[in-house]
Structure formats: C-alpha cells, structure tokens
There are 2 protein chains.
Amino acid sequence: MTFYPSLANLAADIAVFTLVEAELRVLLIRRANPPFQGMWALPGGFVEPHEDAHSAARHELTEETGIPEGSFHLEFVAAYTAPGRDPRNRVASFAYMALVPQVPPTAAGGDAADAALLPVAGVLDGTVPVGFDHRTIIGDALEHARDRLENTTIAAAFCPPEFTVTELRRVYEAVWGTRLDMRNFHRKVTGIEGFLEPTGRKTTRDGGRPAELYRTGEATRLRPPMYRG
Amino acid sequence: MTFYPSLANLAADIAVFTLVEAELRVLLIRRANPPFQGMWALPGGFVEPHEDAHSAARHELTEETGIPEGSFHLEFVAAYTAPGRDPRNRVASFAYMALVPQVPPTAAGGDAADAALLPVAGVLDGTVPVGFDHRTIIGDALEHARDRLENTTIAAAFCPPEFTVTELRRVYEAVWGTRLDMRNFHRKVTGIEGFLEPTGRKTTRDGGRPAELYRTGEATRLRPPMYRG
DNA sequence: GGAATAGTGTCTATTAGACAGTATGGG
DNA sequence: CCCATACTGTCTAATAGACACTATTCC
C-alpha cells in the first residue's frame with residue numbers, strides 16, 4: 001500500500017496582463033458560485049491527470065479566454081500551498097503570468113459581464129474585491145513582471161507583432177509606473193543586439209513623424225539590465 | 001460532493017549547497033529502496049496537511065540534516081509537476097535551495113555513508129547517478145543561485161557569521177565558475193551600502209596579511225547587479 | 001506654419017575593468 | 001630575508017542620464 005501523507009488538488013491560475021490606453025490591466029472573472037461569490041478571481045482551472053501545470057495554464061488561456069496560441073508570453077511566477085487557501089479542499093496553486101497585446105472582446109467585456117480587464121492598481125489598493133489569495137498572487141506576479149522587464153526582452157510580448165519604440169516604452173512605463181526619457185530609451189533599446197529588428201516599414205498611428213516598425217529579435221536576456229528610472 | 005480532477009502528493013525537495021575547499025557541493029542521499037535504489041537523490045519529504053511547502057522544506061532541513069535553525073538561507077526555486085516524474089504516484093515537488101556555510105558531519109559522511117556532499121559539476125555532467133528528475137532540479141537550482149548572486153546579497157549565506165572579503169569572493173567564483181579580480185572585487189563589495197559591516201576584528205586564517213572580518217548588513221538587493229566575469 | 005512625435009548628437013558624471021604599487025602578517 | 005594575502009591608487013573605455021537639435025508627418 002501507498003502512504004498518502006497529504007493529498008491535494010493541483011490548480012493553475014493565470015494573471016493575464018495587458019495594456020489598455022497605457023494602463024496596466026489584469027483579466028478577472030466574477031465568481032458565480034461560493035466561495036467568494038460575486039467577487040473577482042483569476043482565471044484558472046485544475047491540472048488534469050495527463051498534463052503538467054504549464055500545459056494546464058496554456059489550455060486555460062487558449063480555451064477559456066480565447067487568446068490565440070503563439071500571441072502571448074506565459075511564465076511561471078510562484079506556487080501557493082498554504083493549507084487553508086481554498087476553504088473547500090487543499091489546493092496547491094501554480095500561478096502564471098501571461099503577457100498579451102490584446103484580450104479578445106469575447107473574453108472580457110462581453111454581454112455576460114462576468115469577465116473584465118480591471119486596473120492592476122485598483123486590485124492592489126483594495127478597490128476591487130478579490131477572492132481567495134488572488135490579490136497576493138497578482139501582487140507577486142506584478143513584481144515578477146517588473147523584474148523580468150529589467151532582465152529580459154519580454155516587454156515586447158505586450159506589443160503586437162510589429163510595434164514602434166514608443167509603444168515598447170509605454171509598456172515599461174505602465175509596468176514600472178515611471179516615466180522614461182524617450183530619447184535615451186530609443187538609443188538604448190535600438191542599440192541592444194538582437195532585441196529589435198527593423199522591418200523597413202513605418203507607421204503614423206502614434207501621430208507625428210512616421211515611426212519605424214520593429215519585430216522582436218533573437219535576444220531574450222538583457223545584460224546589463226534595463227534600469228527603472 | 002467535491003470533484004477531484006487530479007489528486008497529487010505534495011513534496012518539498014531541497015538542494016543544499018555548500019562549499020568544500022572552494023568547490024561547490026550538493027547534499028545527496030543514497031536511496032535504500034526502489035525506485036532508483038542505490039542512486040542518489042535530494043533530501044526531501046512530503047508536505048504535511050497542516051503546513052505549507054516552505055515549512056516542510058525548513059523542517060526537512062533542520063530535522064533530517066541537522067543544520068541549525070538560522071544558519072541557512074532557504075529559497076524556493078521551481079515546481080515540478082510532470083505526471084510521470086514519480087513512477088509510483090503523482091507527486092508535485094516544490095524545489096528549494098538552501099545555502100549553508102557548513103553541513104554537520106552527522107548529516108554527510110557519517111558511518112551510515114548514505115549521505116554525502118558531492119560536487120555539483122559531477123552531478124550535472126552525469127558522473128554521479130541521480131534518481132527521479134533530481135539532476136534537472138539541481139541544474140535549475142544552480143542557475144537560480146547564479147542569478148541570485150548577481151542580484152542579491154545571499155552569497156554571504158555560504159559564509160560563517162564573520163567572514164573575510166576573500167571568503168566571499170570564493171563563493172562567487174565557485175558558484176559562477178569564474179575568476180574575479182580580487183582588488184576590484186574588494187573595492188566593489190566594500191563600497192556597496194549595507195552589504196558588509198566591518199567588525200573591527202581581523203583574522204589570518206587565509207594566510208598573509210590579516211584580513212578584516214565582516215558581518216552581513218541590512219541590504220538584500222544589489223542594484224546595479226554584480227557582474228559575472 | 002504649427003503641433004506632434006521620431007530620431008540623432010553631445011556633454012558629464014559614474015563605473016567596470018585592468019593593473020601598479022604599498023601594507024602587514026607568517027615562515 | 002621571502003612569500004603570501006590585504007588593501008589602495010590610478011588610468012581607460014564604456015555608459016547612464018541630461019538635454020539641444022533636426023526630421024517628417026498631419027492639421
């Protein structure tokens with residue numbers, strides 16, 4: 001016989017971050033049932049017997065929120081294992097963050113009004129009522145994202161496939177909550193080998209002089225890191 | 001009734017890192033029973049119903065290896081959830097790393113010879129036979145430790161309460177696998193506010209001119225980071 | 001032309017890294 | 001004395017940050 005010291009359900013919860021008008025938002029779902037009925041919670045689901053936590057998070061993202069495969073950056077943040085964190089049973093939660101350029105309207109703001117992109121600032125200051133330990137998870141995910149923006153090129157995951165330097169800068173400003181000097185930022189990021197690859201096309205969608213459109217390059221790690229103002 | 005989509009055991013596994021004669025070692029235990037009988041594995045245990053994974057790791061460390069409370073740095077590294085990673089049952093493992101100045105002889109190298117401090121290099125190149133996915137875990141833990149040495153002050157966790165700059169430098173060299181210029185290193189770390197606090201005492205245990213003994217200060221984060229050669 | 005944003009040039013203060021040279025113990 | 005290690009000084013190349021200036025679109 002096998003000894004079962006402590007059995008638990010495994011769950012994957014995802015903090016889907018995106019930018020709406022230069023403001024950082026997170027996708028939340030209003031709970032229809034107890035516990036925490038009527039409050040907001042992260043999208044997520046149980047890890048099935050045949051998959052690992054990362055696969056579970058990816059399925060949740062593509063199937064429940066309709067965010068197309070390949071258009072997001074999904075990354076593990078932390079694990080939450082406190083015994084009472086789910087009042088029903090023991091649930092170990094693997095928290096992921098997903099960085100996406102856009103959330104399909106069907107997932108957030110549809111007629112059902114059971115899902116919404118809410119400002120991260122409002123969630124963290126307590127304005128938005130959040131169930132379970134999901135406020136903590138969102139805070140940890142934000143801190144993780146801030147660190148990763150310093151040391152990797154994942155900021156581009158917030159942008160569409162082709163984007164301008166200013167659009168990239170707005171990502172840093174929104175996640176870090178700072179203002180960056182546009183001229184130094186431009187010289188810095190375009191000077192990093194493998195970060196931004198010019199497409200040769202230009203756009204005027206930000207107004208003013210046409211801006212070069214870039215794709216992401218091969219580089220993933222920023223050494224030395226980007227500095228927060 | 002409650003729906004159980006996937007039940008799992010929760011385990012905490014710990015990569016205990018220490019330095020032996022300027023070489024990075026990890027504490028491993030030879031398995032007495034199948035599976036992987038006779039091979040090496042990380043110390044660890046199941047997470048009990050009343051505790052979370054971090055507490056489980058801490059208990060494991062103090063009770064099983066006899067490393068005294070307060071003399072180590074314990075930190076979460078990653079979670080491993082692949083369905084087949086334990087051939088017996090589904091086990092989700094929370095991997096931690098512990099940085100310690102010294103492992104008590106009772107834990108490693110005792111008469112039982114079932115535990116030993118083995119070179120990390122030998123584990124990673126396959127010289128040491130390791131069961132489960134623990135080779136992967138040790139590799140991930142090492143990479144995590146390398147990153148943390150760059151960005152935090154935890155290198156001092158490898159040193160006794162009072163230590164010299166050279167002893168600290170040997171930590172960086174062992175974990176990073178590089179050589180650092182002792183003169184620049186000295187000027188750099190002593191110049192970081194809150195990293196090293198001089199005790200006023202000196203030691204000649206490293207030979208040569210007596211070296212100042214330092215305690216760790218309040219700083220935990222290194223900004224800008226230390227650079228690997 | 002005026003307004004807006006894109007992008008380049010230049011200066012300065014700081015610093016990582018290389019390396020010379022001095023200090024202070026043990027043998 | 002020699003040898004080892006500790007520590008300080010100095011130079012250089014690179015760079016983060018501040019900010020002036022030019023470029024190119026839309027209105």
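Quick note: numbers below take in every heavy atom, side chains included, and nothing from hydrogens, waters or symmetry partners. Numbers restart at 1 for each chain; the letters A, B, ... are given by sequence-line order, proteins then strands.
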Can you check whether any acceptor in the base of C:dA6 is under 3.5 Å from a donor in the side chain of A:D206, or vice versa? no
In terms of side-chain heavy atoms of B:P210, which of C:dG7, C:dC19, C:dT24 is nearest? C:dT24
Taking for each residue the nucleotide of DNA chain D with the nearest heavy atom, is it A:G208 or B:G208 whose nucleotide lies nearer the 5' end? B:G208
In whole Å, I'd like the distance from the CD atom of B:E212 to the P atom of C:dG25. 13 Å
Looking at C:dA20, does its base get a donor-acceptor pair with the side chain of B:R183 below 3.5 Å? yes
d(CE, B:M226; C1', C:dT15) in whole Å: 13 Å
Touch check for A:T166, heavy atoms < 4.0 angstrom, all strands: base, sugar-phosphate only, or nothing? sugar-phosphate
Per the atom types in the model, does the base of C:dA16 pair as donor or acceptor with the side chain of B:R187 at under 3.5 Å? no
Are the charged groups of B:D181 and B:R169 less than 4.0 angstrom apart, N to O? no
How long is the line joining OH of A:Y172 and P of D:dG17, in whole Å? 13 Å
Distance test, side-chain N/O of B:H186 to OP1/OP2 of D:dA6, below 4.0 Å: no
Between C1' on D:dA6 and CG on B:L196, what's the gap in Å once rounded to a whole number? 15 Å
Ionic contact status for B:R221 with A:E150, cut-off 4.0 Å: yes
Any side-chain N or O of A:K188 below 4.0 angstrom from OP1/OP2 of D:dA16? yes
Name the closest nucleotide to the B:T204 side chain, picking from C:dG25, C:dA23, C:dC19. C:dG25
Below the 4.0 Å mark, does C:dG25 have OP1 or OP2 next to a side-chain nitrogen or oxygen of B:K202? no
Any heavy-atom pair between the side chains of B:L142 and B:I138 that's under 4.5 Å? no
Just the rounded figure in Å: distance from P of D:dA4 to CE of B:M182. 14 Å
Are any side-chain N or O atoms of A:T199 and backbone N or O atoms of A:L213, one a donor and one an acceptor, separated by less than 3.5 Å? yes
Which listed nucleotide (D:dC19, D:dA6, C:dC19) is nearest to the side chain of B:A211? D:dA6
Whole angstrom is fine here: how far is it from CZ in B:R201 over to C1' in C:dT24? 20 Å
From CZ of A:R228 across to P of D:dG17 the rounded distance in Å is 13 Å
Let me know, please, whether A:N184 or B:R209 comes out on the 5' side of the other along DNA chain C by nearest nucleotide. A:N184
What integer distance in Å separates A:R223:CZ from C:dA16:P? 14 Å
Hey, does A:L196 have a side-chain heavy atom less than 4.5 Å from the side chain of A:F163? yes
